[in-house]
Amino acid sequence: MPFMQTLTALVLAAFAGYMGAWYFGALEGDFELLLFLATVVTAAYWLAERFYFLPRRRRAAQAVASTAAQRRAELDRLGIEKVDLDVEETQRKLLRQPWWLDWTAGLFPVIAVVFLLRSFLFEPFKIPSGSMIPTLLVGDLILVNKYTYGVRLPVVRTRLTQGTAPQRGDVMVFRYPPKPSLAYIKRVVGVPGDEVAYLNKRLTINGQPIKTAPLPDFFDADAMRYFPQFEEHLGARPHRMLNSPEAPAFVQGASQFAYRDNCRYSIEGVVCKVPAGHYFMMGDNRDNSLDSRYWGFVPEANIVGKAVLIWMNFSSLKRIGTFD
């Protein structure tokens with residue numbers, strides 16, 4: 001099958017080229033799209049193998065066996081006993097899957113399982129920055145529940161099930177509104193209809209100050225310094241957050257974003273009214289987090305899922321487990 005070999009080589013080269021360009025920063029990759037395309041392509045090869053190529057190889061092997069049987073009968077009739085023909089070896093060679101099917105159809109079951117798990121159940125993420133310290137540290141590998149907030153079709157992201165709405169205090173992964181190809185993780189602070197005020201380093205929701213209590217200072221091993229740490233009662237369960245008194249309260253460099261008129265900026269901070277179908281997100285490292293104070297609200301369509309577990313941190317195995 002010279003044509004199929006050439007076609008498969010081109011397809012594999014295209015995937016390898018895409019991944020290489022992504023790795024070296026020549027283009028902005030989309031792993032979800034890449035995995036979807038890999039699933040579709042390998043599924044096509046798997047179906048072709050099952051219903052066309054494999055039956056064809058089996059017919060060829062059966063033809064060899066039939067020809068060998070006829071030849072054996074003819075030789076027996078002529079009284080010739082020794083035959084230099086290994087039928088079984090010939091059949092094994094005919095039935096053997098060629099490399100271009102081994103690297104496509106053979107990978108389909110594994111790729112399909114990964115695609116289904118990642119799209120509809122759990123997706124792994126790596127924490128790239130310190131915006132969620134002390135809850136999540138740089139290098140934490142987390143699992144994100146993809147069905148709590150409703151199951152969505154991959155790539156097109158159409159919601160299939162309603163699920164439950166995000167609650168205040170949830171740690172949520174979402175697509176960064178200014179650049180949806182990037183995944184961000186922050187804490188849900190305001191839900192639709194809330195008025196969120198962050199003034200003079202104090203968080204207020206709908207006019208009610210959020211209760212905080214001081215904790216022992218947090219030592220950031222990367223920065224090699226201690227930061228003031230607090231326990232905040234935002235949702236059903238308290239969480240830790242950092243808040244440095246010496247950092248300025250005002251929001252510097254807020255961009256233009258949808259529903260920006262819902263926000264009022266001042267020297268004290270910001271007050272925002274969360275529009276319907278949107279969420280206000282903040283990092284737990286309040287003075288080192290690029291969040292809704294700067295780039296606005298997260299649309300419901302951008303939600304990826306709820307962060308639920310740290311499954312690995314190669315620098316500190318004791319990090320494994322739940323984090324809130």
Side-chain angles (χ1 to χ4, degrees), residues 129-136 148-150 163-180 182-212 228 230-307 324:
S129 72
S131 69
M132 283 298 291
I133 294 173
T135 305
L136 296 170
T148 293
Y149 299 142
T164 59
Q167 304 296 309
R168 296 189 203 98
D170 287 358
V171 178
M172 188 170 80
V173 173
F174 55 92
R175 299 196 172 274
Y176 179 43
K179 196 174 185 179
L182 298 179
Y184 267 34
I185 182 168
K186 306 289 180 187
R187 191 176 295 275
V188 179
V189 170
V191 299
D194 281 347
E195 183 177 75
V196 178
Y198 191 67
L199 303 172
N200 296 318
K201 303 300 188 71
R202 291 304 305 272
L203 179 62
T204 301
I205 308 292
N206 299 325
Q208 299 296 317
I210 300 302
K211 180 183 175 183
T212 60
F230 300 85
E231 182 179 73
E232 186 175 66
H233 295 258
L234 178 61
R237 299 168 60 184
H239 62 271
R240 297 178 298 150
M241 62 94 170
L242 304 184
N243 204 336
S244 301
E246 68 272 13
F250 68 91
V251 177
Q252 196 171 22
S255 63
Q256 292 295 325
F257 51 83
Y259 300 103
R260 196 181 192 280
D261 291 344
N262 286 30
C263 296
R264 304 188 305 274
Y265 290 89
S266 69
I267 194 68
E268 297 173 311
V270 62
V271 179
C272 289
K273 180 76 172 180
V274 185
H278 291 71
Y279 296 87
F280 193 92
M281 314 296 297
M282 293 179 71
D284 290 346
N285 192 352
R286 294 288 161 78
D287 297 305
N288 188 26
S289 173
L290 188 65
D291 50 39
S292 288
R293 291 172 289 176
Y294 297 87
W295 41 254
F297 309 100
V298 174
E300 187 275 337
N302 286 41
I303 293 175
V304 173
K306 182 179 181 180
D324 268 350

Novice: Taking C-beta and beyond as the side chain, do Ser131 and Tyr184 meet within less than 4.5 Å on heavy atoms?
Specialist: no
Novice: Can you see which heavy atom on Tyr149 is nearest to which on Ile303, and at what distance?
Specialist: CD1-CG2, 3.6 Å
Novice: Donor-acceptor check, side chain of Tyr265 to backbone of Phe250, threshold 3.5 angstrom: yes or no?
Specialist: no
Novice: Do the side chains of Phe297 and Phe257 get nearer than 4.5 Å, heavy atoms only?
Specialist: yes
Novice: Identify the heavy atoms of Tyr294 and Val251 that sit nearest to each other, and give their distance.
Specialist: CE2-CG1, 3.5 Å
Novice: Rounded to the nearest 0.5 Å, how far does OG1 of Thr148 lie from CG of Asp170?
Specialist: 8.5 Å
Novice: At their closest point, which heavy atom of Met282 faces which heavy atom of Lys186, and how far apart are they?
Specialist: O-CB, 3.6 Å
Novice: Is there a donor-acceptor pair closer than 3.5 Å between any side-chain N or O of Asn285 and the backbone N or O of Gly130?
Specialist: yes
Novice: Is the shortest heavy-atom distance from the side chain of Arg187 to the side chain of Asp291 under 4.5 Å?
Specialist: no
Novice: To the nearest 0.5 Å, tell me how far Thr164 OG1 sits from Lys306 NZ.
Specialist: 7.0 Å
Novice: OG1/Thr212 to CG/Leu234 distance, rounded to the nearest 0.5 angstrom?
Specialist: 11.5 Å
Novice: Taking the side chain as C-beta and beyond, is there a heavy-atom pair between Gln167 and Val188 under 4.5 Å?
Specialist: no
Novice: So does Glu232 pair up with Arg286, basic N to acidic O under 4.0 Å?
Specialist: yes
Novice: Does a salt bridge link Lys201 with Asp287, judged by any charged N lying under 4.0 Å from a carboxylate O?
Specialist: yes
Novice: Hey, are the side chains of Asp284 and Leu242 touching, using non-hydrogen atoms and a 4.5 Å cut-off?
Specialist: no
Novice: Are Val196 and Leu203 close enough that some pair of their side-chain heavy atoms sits under 4.5 Å apart?
Specialist: yes
Novice: Can you tell if the side chain of Val171 reaches within under 4.5 Å of the side chain of His239, non-hydrogen atoms only?
Specialist: no
Novice: Check whether any side-chain N or O of Trp295 sits under 3.5 Å from a backbone N or O of Leu290 as a donor-acceptor pair, and report yes or no.
Specialist: yes
Novice: Give every residue pair that meets the salt bridge (charged side-chain N to carboxylate O under 4.0 Å, His left out) criterion with at least one member in residues 239-267, sequence neighbours excluded.
Specialist: Arg225-Glu246
Novice: Using every non-hydrogen atom in the two residues, find where Ile185 and Met132 come nearest and quote the distance to one decimal.
Specialist: O-CG, 3.7 Å
Novice: For a 4.5 angstrom cut-off between non-hydrogen side-chain atoms, does Pro166 reach Val191?
Specialist: no
Novice: Which pairs would a plain distance check flag for residues 266-281, meaning a side-chain donor or acceptor within less than 3.5 Å of a matching protein atom at least two apart in sequence or in another chain?
Specialist:
{"residue": "Ser266", "atom": "OG", "partner": "Glu268", "partner atom": "N", "Å": "3.2"}
{"residue": "Lys273", "atom": "NZ", "partner": "Gly193", "partner atom": "O", "Å": "2.9"}
{"residue": "His278", "atom": "ND1", "partner": "Ala276", "partner atom": "O", "Å": "2.8"}

Novice: Is a side-chain N or O of Arg175 found less than 3.5 angstrom from the main chain of Asn302, in a donor-acceptor match?
Specialist: no
Novice: side-chain contact (heavy atoms from CB on, under 4.5 Å), that's the test. Do Ser292 and Tyr198 meet it? Break it down for me.
Specialist: CA-CA 11 Å; Ser292 288; Tyr198 191 67; over 6 Å; no
Novice: Does atom OH of Tyr259 have more than 12 heavy-atom neighbours from other groups under 6.0 Å away?
Specialist: no
